Structure formats: structure tokens, C-alpha cells
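We number each residue from 1, following the sequence as shown. Because the structure is predicted, anything quoted here is derived from the model rather than measured.
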Amino acid sequence: MNEQQRQIEALIAEALAAGVTLYEKNGGLAFKQTAGFPPQLKQQVVEYKSEIVAYFQQQSRDVANSSPKIVAQPSAGKILPLSFAQEGLWFIEQLQGSKQYYMPAEFLLRGKLNIQAMRSAVQDVVQRHEILRARFVKNEQDGQPQLQITDDISAPFEWLDASVAAEETRQAYIASRIAAHQNKPFDLAHDCLLRVLVVSNGDEHHLAFNMHHIVSDGASMALLAQEIEAGYCKHIGVPYTSLATMQVQYSDFSQWQRAQLTPDRIEAPLAQLKQQFGELAPLQSLPCDFVRPAVQSLTGKVYRQALDASLFAAISTQAKSLQLTPFMWLLNTFMLFIARLTQSQQVVVGTPELGRHHPELTPLIGLFVNTLVMHAKLDSDMPFSQWLQQQKALNLAAFEYRDIPFDKVVEAVGAPRDLSHHPLVQILFTLETRDERAFTLPGLSVQEVQKQQADSIAVKCDLELNAVVDEQALYLHWKFDSNLYTAETIKHWADCFHTLLQACVTAPHTAVGELALLNQKQQQALIMGAQCQAATWPKQDTITSLFTRYAEHFATRTAVQDSTTMLNYRELNDRVNALAVMLLQQGVTPRTMLVVSVSRSIEMIVTLLAVLRVGAAYVPVEPDYPQERIEYILGDVQSPWLLCDNATQAQFSRLSYQLINVSQAEHQASREALKLLDAIQVEPQDLAYMIYTSGTTGRPKGVQIEHRHVVRLLHVEPNLFDFNEQDVWTLFHSFCFDFSVWEMYGALLFGGRLVVVDKATAQDTQAFAQLLVDAQVTVLNQTPSAFYALQATLLNDSQLASQCAVRYVIFGGEALQPSKLQPWAQHLPNCQLINMYGITETTVHVTFKALELADMALGTSNIGRAIPTTSCYVLDDKQRLLPQGAVGELYVGGEGFVGGIGNVTN
């Protein structure tokens with residue numbers, strides 16, 4: 001197939017999508033329309049008139065030589081096959097029900113309505129189209145569906161007089177009756193699949209239709225309105241336009257289709273489609289706000305967006321200049337938008353193709369539409385106009401497979417049938433033309449009733465963008481699964497798509513990866529939402545100054561305890577000062593780094609605070625680290641001192657370092673010795689500690705954190721927590737894991753009590769649960785995996801659970817599964833569950849999310865928003881801001897960011 005032929009086929013397909021059937025008649029071009037004829041489309045058809053006529057003449061010759069014409073065959077009393085599309089819908093009905101394939105429509109009529117004429121008009125339609133008298137039954141031998149045509153021409157037609165309801169409840173009565181009618185299930189084996197309801201309130205009438213998609217499609221709904229109008233006019237005796245003669249019935253098409261699309265004839269195209277789509281991941285959707293349920297609910301909402309006439313005019317002009325139809329331009333730009341949101345190099349979406357390729361099918365009500373799989377490949381450096389030309393070839397190639405039933409494509413590609421999502425494509429794009437002629441009835445005003453944005457609708461997939469064109473503007477209807485997306489997300493995406501459309505028409509030579517998704521206002525809103533604008537903290541303070549202040553204020557309150565010892569704040573401060581004096585006497589100087597490898601005990605707390613007291617920074621090393629890691633850290637730090645205790649001294653005695661055994665320090669220094677500390681000035685920008693990362697992505701790196709980073713983490717306003725001197729914290733984590741920084745200083749810089757958990761207790765869930773109760777711990781910090789085990793143990797013992805005093809559980813270190821927290825929330829409803837995300841380089845925490853019961857029900861791992869003094873942005877691969885909900889990389893900035901990595905200052 002050459003390029004011109006593809007172009008002509010695309011134009012014919014676009015006309016079909018707009019409800020206009022083009023065909024050749026006596027050497028000229030003719031058309032039939034079920035809707036308006038868009039001016040831009042009409043202009044293109046006129047320009048290519050001779051080529052279209054030549055195409056149809058060639059097709060007629062080809063058809064004559066290859067596939068036989070669709071001919072009428074007797075159907076009475078016969079068992080008939082379903083079309084392939086009907087068969088697919090029938091199986092969906094058996095599997096999960098098919099409410100999402102109901103096709104309701106509602107009109108508000110004002111004036112004198114002849115109910116009997118309306119009833120007769122509906123009956124005429126059912127008599128004219130045998131598919132409306134069809135019953136879809138199961139073959140008892142093989143369980144396959146088959147079609148039976150009945151002689152019953154009575155369609156369910158119901159008329160209600162709303163005046164039976166009191167005036168104050170009449171509108172509610174009308175709404176409830178219409179809702180019941182539109183939601184009443186269809187039984188494919190026994191029901192007529194067209195229903196009509198009229199609810200009259202004086203001269204105001206609510207006319208409601210509902211059809212099942214298995215006997216109808218979009219063009220059929222337009223035909224239904226046309227035939228109802230003609231029949232109504234006939235029965236009230238006024239002139240009307242005669243209906244087209246029907247040469248065949250839908251069952252003739254089904255039999256013809258099955259005769260043509262035999263396995264051997266579609267084997268080659270299916271093999272090509274398998275090669276093209278066989279390697280796709282099962283899910284080709286956009287990121288969801290909520291966890292995808294195991295069974296898709298198929299209920300959703302619609303967000304309506306109106307684009308101004310000037311933008312649509314610019315789109316039409318550009319499309320014409322590139323020899324594209326508006327359908328192609330919009331479809332490809334939508335796929336580009338999806339690619340940019342997902343950061344993908346390829347995208348697939350589904351789009352309906354009318355399937356009425358033979359003129360004799362034009363007047364038929366029935367399911368002819370087929371879903372085409374449209375494919376986009378993204379080269380982010382290619383100019384938009386050039387990329388559209390590349391996409392044009394892909395679009396035209398896709399139309400070559402328009403006769404291949406979608407379900408056959410799904411089978412050939414091997415796309416899994418999963419109740420949680422639509423197979424192969426989860427996003428649809430449709431284009432339709434608003435009918436300027438509309439549905440009219442003599443003596444009546446007729447207005448179509450649109451679903452409100454708050455109303456629920458049935459949806460077939462995750463997201464459908466329905467573009468509606470009229471002569472003045474373009475309307476975009478975003479139909480979305482409300483169990484996957486919030487209305488706020490869809491509105492934001494719609495606004496971003498509008499921005500992209502504007503960028504495409506104003507700068508078509510811009511690379512597709514550079515086209516704007518956010519305008520200045522949208523960018524500013526995201527930037528403002530990513531950071532706290534009014535955060536304050538005591539910028540003159542250090543960890544040391546805050547600890548000293550709280551030690552004086554809460555001198556007699558318990559500060560720290562381990563399994564053998566308990567110290568109040570005065571005693572702890574005395575021991576810190578005594579060890580600090582000892583360090584100075586050993587030659588330690590301020591602004592140096594000291595490697596610390598001591599056992600988990602009160603002595604460890606004293607050591608770390610003493611290092612800070614002399615103006616130095618500590619580098620924690622677990623004694624049981626592999627020797628290679630210990631040697632790497634020691635070599636990287638290059639400090640002459642190594643602080644150990646009685647338990648670890650022997651381990652390091654052979655190394656060429658000056659060992660300082662902190663266990664040998666006095667518990668209190670003399671007044672004279674304390675004067676050595678008076679001369680030391682610790683500044684907020686001084687280094688407090690350097691913690692080494694795990695090295696999973698390479699060699700471990702030392703992350704340098706300053707005093708000011710820790711101070712602003714804990715003592716910031718607005719504060720997200722209400723920590724105070726009554727709180728009891730556990731030091732559960734290794735001091736080589738930065739969660740320990742939060743635990744240790746979260747207690748001691750608020751006058752609270754810190755319980756140092758020894759390693760054996762930390763590894764024994766039952767013992768740790770008992771410790772929480774015995775110590776009446778109020779603030780618990782846990783990685784999710786550790787907490788799940790703790791929760792099971794604690795809640796399994798009703799007595800322990802009843803005595804638990806924990807008021808905060810703060811999660812960090814790994815991804816959280818909120819649904820697993822529901823038992824804890826139910827048993828301890830006054831305990832706040834907080835999910836926080838952070839990395840060592842950003843001083844423990846970056847984001848904060850207080851989990852509600854709704855969050856746990858959803859199950860999404862939500863890390864919340866940036867904490868005060870930090871900012872978080874989702875950027876693309878070129879560090880450009882992305883819309884909310886897009887896939888990208890998280891960039892973190894603000895006051896918590898590290899001062900250096902290893903011995904390299906940032």
C-alpha cells in the first residue's frame with residue numbers, strides 16, 4: 001500500500017468516525033451522514049475528491065475479485081453466529097457482567113407528546129432491525145454463544161405520569177425512575193436489548209433510551225434517534241424523510257464476517273501484530289492515585305473541558321499543513337502526553353473504528369465498531385512536526401488491520417485476561433462530531449441531558465479521552481475510573497494537556513521532549529506546593545547547646561536508660577563533660593572526625609555527645625562490620641583517633657590508631673578540668689557526624705551532616721509533631737543507620753527519656769514488645785518490615801496491647817504497605833501512624849504523611865509532602881518539572897541537604 005492510499009483510507013476512516021459514510025455513485029462521490037459534516041473534514045474531502053472516487057472504484061474491483069458481497073440470507077428459525085465483537089462482549093458478560101457496555105441516553109422534551117405515536121415508533125424500529133429481536137443463548141453441547149431471532153416486536157416501552165408524586169418530591173421521583181430504568185440489568189438470553197422510558201410532568205417529558213452495546217454502537221444510537229423521529233412523524237401524520245432501504249440484516253454481516261476472517265486468512269496479520277506488541281508489559285496505563293483493585297469496578301466519572309475556538313482553529317490549520325486529519329493530530333498528541341507523563345519511549349492506546357466499510361451496512365443498527373491498537377514511538381529529540389509525520393505512517397499502518405477483531409489481536413499478542421484491567425490497552429481515544437442536526441420531534445423542543453461531572457458513569461477502561469468537535473470549538477471529555485484516579489488528578493492532567501496543545505501549535509519545530517507540559521502558573525503552583533514558605537528554627541543553636549539547655553532545665557528527669565543503668569539529665573551531662581575533657585587531654589581538637597566503635601549502651605550515648613561537646617564529629621562503625629568495610633571507612637576518614645570501649649578495644653588493638661577507651665573515663669570532671677571546655681565554641685555549621693551508606697550502588701560514601709541540619713529537623717516551626725519531656729523513645733536502630741539520629745536527639749533535645757535497646761532485645765520481637773510496655777514507650781520508630789512482626793506479636797497478647805502507651809509510630813527506611821497497619825489502628829485508635837521518607841544525604845527525613853484509615857484502606861504507599869525546610873520536586877530525565885502524578889525522579893532540596901560526601905565538600 002502506497003502513502004497516498006493510506007492517506008485516503010485515513011480520511012475515509014475519519015469521516016466514518018464523524019458519522020459520515022463516503023461512497024462512489026455513478027462515477028461521483030456521495031455521502032450519507034448520521035451527524036454533522038465538520039467543515040474542516042468536508043474541505044479535505046473536497047480536495048481529495050477524485051482520489052477518493054478512484055479508491056472506491058478500485059476497492060469495488062478488488063472486492064469483486066476477492067471477497068463476496070454481503071447478501072441477505074433467511075434467518076427465521078435458524079441458529080445464527082455472533083459477530084466476533086459480539087462474541088467478545090458475550091464472554092465479558094459471562095465473566096464479570098457488562099454494565100459498562102450499556103448505552104444510555106436521555107432527552108428532555110417540552111411540548112405536547114403523543115405517547116402512543118412514540119410507542120409505535122419504537123416498535124417500528126424493533127420490527128425493522130432483527131438484531132433488536134435477537135436473543136443470545138448458550139449452545140448446550142459446546143457452551144458457545146449463538147443467536148436466535150424472535151418474532152416478538154414489542155420493545156419494553158414504559159410511560160409514567162410524574163403527577164402521581166407530590167410536587168415537592170416530584171423531581172426526585174423522576175430522577176429515581178430514570179436511574180432505575182438506566183441501571184436495570186439486561187439479560188442477554190431473554191431480554192430485548194432496547195428499552196425506552198417516558199416520564200411526563202405536564203408538558204415536560206423525560207425520554208430515556210438504553211441499549212446494550214452487543215446490539216449497538218455510536219453510529220447505531222444516531223440511527224435510532226433518526227428512526228424514532230421518522231416513525232413518530234409517520235404516526236402523527238406529518239411529513240418525514242423516508243428511511244434508507246435495508247438490503248441486509250446484521251446477521252448477514254456476522255455470517256459474512258466469519259466466512260471472510262477464517263484462521264488461515266488472518267494468520268499473517270496476527271503474526272505481524274504479535275511481533276509488534278508481543279513484548280509489551282500487561283499494563284500500559286498512567287500512574288494511579290489508588291491501588292488497582294483485583295477486580296476493576298468499571299464505574300467512574302467524567303471531567304469536561306472546553307478548548308477555545310482559536311486553539312482548535314490552530315490545531316486544524318497545522319494538521320492540514322502537515323496533511324494530517326484532526327483525528328490523527330489529536331490522537332498522536334494525546335499519546336505524546338501519555339509518554340511524557342510516564343517517561344516511556346512507546347505508548348499504545350485503543351481507538352474505535354466504525355467498521356461499516358460496505359455501503360449496505362450504513363442503515364443498520366448493530367455492533368460494527370472495532371478497537372484498533374494505535375502505537376506511538378517517542379524520540380524525545382525529534383521536532384514535533386517531524387515526529388507527527390513519523391506517527392502518521394504508524395497510524396496508517398494500524399488502519400491496515402482494521403478488519404482484524406480486537407479480541408483476536410489480544411489472543412495473538414498473548415495479552416493476559418485479568419479482571420483488574422482491560423486487556424492490551426487501558427487507555428482509549430475517541431473522536432466524534434457533534435450533530436448539528438440533532439434529534440428533533442415536531443411540536444417539541446428537544447434537549448439532550450448530559451451527565452453531570454459529579455455523576456457516576458460506566459467506564460470500560462482506566463481512562464478514555466473523548467474529543468468532541470463542532471464548528472466552533474473542541475471539547476474534551478475525560479472519562480476515568482474513579483477507583484484509580486481522583487477528580488483533582490484528572491483535572492490537573494487536563495490542564496497540562498491544554499498547555500501541551502498550545503505548545504504544539506505555537507512551536508511545532510520544538511523537540512517533543514522539550515514541549516511544555518506546565519505553564520508558568522502551573523509551575524509556580526507546583527513549586528509553592530513543594531516547599532514550606534514560612535519555616536523558622538533557632539539558627540544560632542547546635543545539638544550541644546540544645547542538649548545543655550535541656551539538661552539544666554530537666555536536671556532530675558530520667559534522660560537515658562539501658563538494661564543495667566539509668567541516668568538523669570544532670571548525671572548524663574556530667575559524664576558527657578567528663579569524657580569530653582578526657583578527649584581533649586588525649587589531644588583531640590575541634591573540627592576533626594573521630595571514628596567511634598562501641599557497644600550499644602548508655603556509654604554509646606555519652607560518647608557521641610562528648611564528641612560533639614569538644615567540637616568534633618563522630619563517624620560510627622559497628623564492631624561487627626566486615627573487616628573490609630571497617631578498613632575502608634578508617635582509610636577514608638584518615639583520623640588518628642579511634643574511640644572504643646572495654647568490649648571492643650581488643651578488636652582494634654592491632655591497628656595503628658590512637659585508641660581512646662571511653663570506658664576508662666571518669667563519671668565527673670573537676671571544675672578546673674571543665675574550664676578546658678569553656679574555650680570551645682561549637683557553631684551551627686560545624687560537622688556533627690558522618691554516616692557511611694551501605695554501598696549497594698558502589699563503594700560506601702560518608703555523608704557529612706552539620707549541627708544545623710539536625711536542629712532544623714527537630715526544632716522547626718511549623719512543627720509536625722508535639723514531642724515533649726513526657727515522651728519515652730527507644731534507640732532501636734544501629735547508630736550507623738541515620739534513623740538513630742532521629743531517635744536519639746528526638747528524645748534528648750526535648751527533655752524526653754531515651755531507652756537504649758540492646759541487640760538481643762532488638763532481635764527478639766516478644767522481648768521488644770515487653771520492653772515497650774515496661775518502659776511505657778510513647779514514640780516508636782520502625783522500619784515497616786520490623787513493625788509488621790512487632791504488631792503481630794503485640795496484638796496477639798491482649799494484656800500487652802492494653803498496656804501499650806505508644807502515641808506515635810514513625811515509619812522510615814523502606815516502602816510501607818499501609819493496608820497492613822489496619823489491625824494496629826483498630827486496636828490503638830489514639831496512636832498516630834506517620835510515614836516518612838528520607839535518605840542519609842538529607843538528614844534522616846524529607847517527607848511526612850499522617851496516615852488515616854482511608855489511606856490504609858487504599859493501600860497506596862504515600863510518602864506525603866516535604867517537611868518544613870525541605871522541598872521535593874518530580875523531574876524528568878532533563879531535570880524539568882513534571883505534572884502532578886507523573887512518573888519521574890524525586891529531587892530534594894532545602895536546608896537538610898548534606899554539606900559534604902566523604903572528604904569532598906558539596
Side-chain angles (χ1 to χ4, degrees), residues 3 6-22 31 33-49 51-52 218-219 304-338 349-354 372 374 376 384-396 398-399 402 427-436 464-478 494 497-508 512 515:
E3 178 66 19
R6 286 176 171 170
Q7 177 73 18
I8 296 303
E9 286 199 349
L11 190 57
I12 295 169
E14 177 128 2
L16 281 169
V20 179
T21 302
L22 303 174
F31 67 89
Q33 62 189 88
T34 58
F37 204 147
Q40 296 88 350
L41 180 62
K42 182 182 287 186
Q43 186 176 351
Q44 283 189 293
V45 168
V46 170
E47 287 179 10
Y48 288 95
K49 179 180 176 181
E51 289 87 349
I52 296 172
R304 291 187 170 85
Q305 180 184 28
L307 305 185
D308 57 82
S310 61
L311 177 57
F312 181 51
I315 289 171
S316 301
T317 300
Q318 187 183 101
K320 181 180 178 182
S321 71
L322 296 171
Q323 293 189 310
L324 293 169
T325 63
F327 166 79
M328 280 187 179
W329 195 98
L330 287 167
L331 166 69
N332 290 307
T333 308
F334 180 52
M335 290 195 287
L336 169 60
F337 182 65
I338 295 168
V349 303
T351 193
E353 198 276 327
L354 262 68
L372 296 184
M374 308 304 288
F384 176 67
S385 55
Q386 182 182 340
W387 179 76
L388 280 178
Q389 293 299 326
Q390 174 183 285
Q391 281 301 117
K392 177 182 173 182
L394 289 177
N395 298 158
L396 295 172
F399 276 101
R402 64 187 183 184
I427 300 173
L428 296 179
F429 175 82
T430 59
L431 177 71
E432 61 185 76
T433 302
R434 182 161 288 165
D435 188 356
E436 294 297 330
E464 176 184 343
L465 180 60
N466 171 226
V468 181
V469 175
D470 70 11
E471 291 190 14
Q472 284 74 41
L474 175 67
Y475 300 89
L476 301 179
H477 300 166
W478 300 75
F497 186 54
H498 181 262
T499 299
L500 176 64
L501 293 177
Q502 290 178 314
C504 291
V505 297
T506 56
V512 292
L515 288 164

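A donor and an acceptor atom, one from each side chain of T325 and Q44, are nowhere located under 3.5 Å apart.
Taking 4.5 Å as the limit, some side-chain heavy atom of L331 sits within range of a side-chain heavy atom of V349. Counting heavy atoms from C-beta on, the side chains of L322 and K392 never come closer than 4.5 Å. At least one side-chain heavy atom of L396 sits less than 4.5 Å from a side-chain heavy atom of M328. Considering only heavy atoms from C-beta on, D308 comes within 4.5 Å of H498 through its side chain. Under the 4.5 Å side-chain criterion, counting only non-hydrogen atoms from C-beta, T430 is not in contact with V468. Counting heavy atoms from C-beta outward, Q323 and Y48 have side chains that approach closer than 4.5 Å. Put simply, the side chain of L474 reaches to within 4.5 Å of the side chain of L330, judged on heavy atoms.
Of all heavy-atom pairs spanning W387 and N332, the tightest one is CH2-O, 3.2 Å. Looking at every heavy atom in both residues, A473 comes nearest to L307 through CB-O, 3.4 Å. The minimum heavy-atom distance between I315 and V505, with the atom names listed, is CG1-CG1, 3.7 Å. Of all non-hydrogen atoms in A219 and L354, the two that sit nearest each other are CB-CD2, 4.2 Å. Taking each heavy atom of C504 and Q318 in turn, the nearest pair found is O-NE2, 3.0 Å. Listed here is the closest heavy atom pair of L500 and T333: CD2-O, 3.9 Å.
How far CZ of F337 is from CG of L465: 9.5 Å, rounded to the nearest 0.5 Å. Taken from CG in N466 to CG in L476, the straight-line distance is 8.5 Å, to the nearest 0.5 Å. Taken from CD in Q391 to CE in M335, the straight-line distance is 5.0 Å, to the nearest 0.5 Å. Between the CG atom of L311 and the CD atom of Q502 there is a distance of 6.0 Å, given to the nearest 0.5 Å. Summarising the geometry, atom CG belonging to L41 is positioned 6.0 Å from atom CG belonging to L11; distances are rounded to the nearest 0.5 Å. Taken to the nearest 0.5 Å, the CG atom of L501 stands 10.5 Å off from the OG1 atom of T506.
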As a quick check of understanding, evaluate side chain to side chain contact (heavy atoms under 4.5 Å, CB included) for E432 and H477, giving each step before the final call. CA-CA 11 Å; E432 61 185 76; H477 300 166; over 6 Å; no
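Using cut-offs of 30° and 60° on the angle between ring planes, the pair W478 and F334 is perpendicular.
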